[in-house]
Amino acid sequence: MTSERDIERLLDRWFTERPTQVADRVIDDVAARIVRQPQRAAWRLRPWRFPSMSTPIKLVAVGAALLVVILGGAVFIGGGSGPVLPAPTATPSPTPVASASPSITPSTGAGFPDWYSPDEPPAGAGILAAGSNATQSFSPAFTFTVPDGWVGDGTGVFSLFQDSPVNKAEFGRSGALANGILMGPHESPYFFCEAMENNRGSTAAEMTAALMATEGIETTAVVDVTIGGLTGKQFDVRIDPDWTGSCPAGPDDPPRDIKDERVRGFLLDVPDRGVIVIFVGSLHSADHEAFLAEAMPIVESFQFDLSN
Amino acid sequence: MDHDLVRAAQRGDQAAFIDLIRPRSDRLFAIALQILRDIDRAEDALQDALVIAWRDLRGLRDPDRLDAWLRRLLVNICIREASRERRRAVNLRMLPVDGPAAADDLLSIADRDQLERGFRRLPPDQRAILVLHHFLGYASTEIAETLGIPPATARSRLYHAHRAMRAALEADARLSIVGGRSA
């Protein structure tokens with residue numbers, strides 16, 4: 001019974017399939033559980049170990065680190081991100097920067113950098129024209145101003161990132177972006193590790209307090225901020241260098257050094273609709289200051305339209 | 001049809017997701033059962049895998065990959081669950097996974113018992129590899145894809161899993177003789 005070939009034959013017979021039926025209650029329980037389980041936005045997912053996928057996955061936004069879960073956010077805000085369109089000329093430029101002749105031609109698929117593979121991008125997403133742009137369906141709608149070389153994308157969340165060598169290299173390596181701006185509605189975002197953070201709250205202040213109380217998370221002093229007409233909290237956040245815990249990875253999560261990641265976070269109250277989060281983040285701390293210098297003028301150019 | 005269900009489920013349609021998984025659930029359950037050898041744990045692993053599948057479904061770009069993707073999720077969860085089981089060293093109830101032997105079955109009850117004991121001695125990843133190869137009929141490339149390892153590593157691990165199974169059976173046979181049982 002123990003020769004090599006015998007073993008294989010025995011196992012072939014032993015594993016011969018017999019009818020096996022799962023109890024109905026198992027699937028019924030799954031149906032009950034998924035009611036409480038929000039789906040993750042596509043950008044948060046990185047099935048990069050799937051050999052059949054010829055292109056590295058999609059929109060991943062600023063790496064796993066910035067992979068903020070927009071858990072159930074649509075309930076509060078009533079919609080995800082949407083296509084990016086140049087702002088209409090009728091919109092007065094709120095700042096001198098916006099005088100960089102906003103485009104009036106709706107983008108119908110401006111294309112993406114050749115190194116980047118979006119996941120079913122909404123119409124209009126892609127490389128942005130320099131100047132003033134507007135989201136088409138992000139709620140609340142907003143306008144923003146970008147220089148040359150920026151890209152907009154998002155399904156479920158909205159992201160802005162540069163067509164840059166560092167993003168290209170990181171995307172080729174891990175399927176994530178090295179630096180980027182992400183935003184979306186949420187009721188329980190996390191900044192570095194879903195398993196260790198429970199930043200729940202119904203206001204920006206409550207969520208910020210929860211974040212600051214999280215073991216292993218280190219934040220700068222929180223300041224009050226107004227972005228595009230919305231008020232909230234701003235802070236810089238990272239993993240405490242002395243933290244000795246670990247972040248359990250999911251089956252699909254690639255290994256990453258969360259201690260090297262840096263995020264500037266904004267939590268903004270949207271009256272009667274909940275909170276949106278904006279992340280300006282870098283996978284690698286060495287990139288962060290330079291990226292902040294380029295990204296913050298864009299964030300500061302946001303103008304939210306609360307009438308929709 | 002499945003493409004439509006996948007797309008609908010990716011847009012958040014829970015009923016579509018259940019319609020998608022229900023016809024696949026018996027097969028998936030069988031895989032979990034073969035690896036874990038325990039009905040309760042197999043049910044738990046299947047449920048966990050399906051909930052994760054729901055959570056991450058938007059990341060599935062190619063609906064044709066759904067079955068492979070589900071199996072990969074499930075096998076990884078089973079390996080994790082089997083590792084916990086080994087750490088806890090609990091006494092699991094014997095699994096009636098094969099049911100009563102059919103008339104044309106060439107394996108005796110004693111062989112089955114011996115295989116069961118031998119299989120349970122294996123590390124979880126070796127159990128999974130044997131199930132993928134002998135139960136699902138996977139070649140090393142498919143095993144590699146499922147476990148996220150290079151094909152050469154899959155071949156090597158399969159070889160070692162066979163050797164480990166052989167050693168486990170021989171050890172069981174020796175114990176049987178010492179204990180007065182006949183194998």
Side-chain angles (χ1 to χ4, degrees), chain A residues 1-55 57-60 69 71 74 117 119-120 155-156 250-252, chain B residues 10 12 14-15 17-18 21-22 25-30 33-34 42-43 46-47 50-52 54-62 65 68-69 72-73 76-77 80 97-99 102 105-107 111-112 114-116 119 130-131 133-135 144-145 148 162-163 165-167 169-170 173 183:
Chain A
M1 176 168 177
T2 54
S3 80
E4 201 68 38
R5 212 170 282 276
D6 283 347
I7 292 292
E8 294 201 32
R9 274 198 292 267
L10 274 172
L11 289 170
D12 280 340
R13 288 182 199 143
W14 189 49
F15 280 123
T16 298
E17 188 170 14
R18 310 292 177 87
T20 307
Q21 199 166 14
V22 66
D24 286 342
R25 63 176 162 71
V26 174
I27 304 303
D28 292 344
D29 287 350
V30 171
R33 286 174 64 182
I34 65 173
V35 170
R36 303 186 301 272
Q37 174 63 60
Q39 288 182 305
R40 283 179 174 173
W43 56 269
R44 197 197 172 284
L45 307 170
R46 293 185 292 179
W48 64 312
R49 294 170 69 189
F50 239 161
S52 68
M53 292 185 177
S54 56
T55 51
I57 193 144
K58 50 203 84 192
L59 201 193
V60 199
V69 177
L71 293 174
S117 55
D119 182 33
E120 298 181 350
T155 304
D252 288 324
Chain B
Q10 286 178 323
Q14 295 164 356
F17 181 72
I18 296 302
I21 63 169
R22 199 177 286 281
S25 58
D26 286 346
R27 178 72 166 164
L28 292 169
F29 178 60
L33 205 48
Q34 294 286 9
E43 288 180 348
L46 176 60
Q47 283 190 349
L50 293 177
V51 172
I52 289 173
W54 162 258
R55 186 191 68 185
D56 292 352
L57 190 62
R58 292 180 187 174
L60 179 67
R61 303 183 77 183
D62 179 0
R65 298 288 308 162
W69 183 69
R72 184 167 65 95
L73 276 177
N76 285 330
I77 285 174
R80 194 170 62 196
V97 62
D98 294 328
D105 201 314
L106 298 176
L107 290 179
D111 284 344
R112 289 179 172 282
Q114 196 177 7
L115 284 162
E116 184 74 38
F119 187 76
L130 291 179
V131 170
H133 184 64
H134 292 281
F135 182 62
E145 180 178 334
H162 283 141
R163 286 193 60 175
M165 189 69 188
R166 179 181 175 187
L169 292 178
E170 288 175 349

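Protein chains get the first letters and strands the later ones, always in sequence-line order, with residue 1 at the start of each. Computed from heavy atoms alone, side chains included, the values below leave out hydrogens, waters and symmetry copies.
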A.B. asks: Do V22(A) and L33(B) have side chains that get closer than 4.5 Å, going by heavy atoms?
C.D. replies: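 The answer is no; the side chains never approach within 4.5 Å.
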A.B. asks: Taking all non-hydrogen atoms of both residues, which atom of I34(A) and which atom of Q14(B) are closest, and how far apart?
C.D. replies: O-NE2, 3.5 Å
A.B. asks: Can you name the closest pair of heavy atoms from H134(B) and F15(A) and give their distance?
C.D. replies: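 It is CB-CD1, 3.3 Å.
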A.B. asks: Rounded to the nearest 0.5 Å, what separates atom CD in Q47(B) from atom CD1 in I27(A)?
C.D. replies: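 Output value for this atom pair is 7.5 Å.
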A.B. asks: Would you name the heavy atoms of D26(B) and Q21(A) that are closest together and state the gap between them?
C.D. replies: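 Minimum heavy-atom separation between D26(B) and Q21(A): OD1-CA, 3.5 Å.
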A.B. asks: Can you tell which part of I21(B) gets under 4.5 Å to a heavy atom of chain A, answering side chain, backbone, both or neither?
C.D. replies: side chain
A.B. asks: Does any backbone or side-chain atom of I18(B) lie under 4.5 Å from a heavy atom of chain A? Answer side chain, backbone, both or neither.
C.D. replies: side chain
A.B. asks: Would you say H162(B) and L11(A) make side-chain contact, with heavy atoms under 4.5 Å?
C.D. replies: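 They are in contact (side-chain heavy atoms under 4.5 Å apart), so the answer is yes.
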A.B. asks: So, does W54(B) use its side chain to make a donor-acceptor pair with the main chain of Q37(A) at under 3.5 Å?
C.D. replies: yes
A.B. asks: Can you tell me how far apart CD (E43(B)) and CZ (R25(A)) are? Round to the nearest 0.5 Å.
C.D. replies: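 It is 4.0 Å, given to the nearest 0.5 Å.
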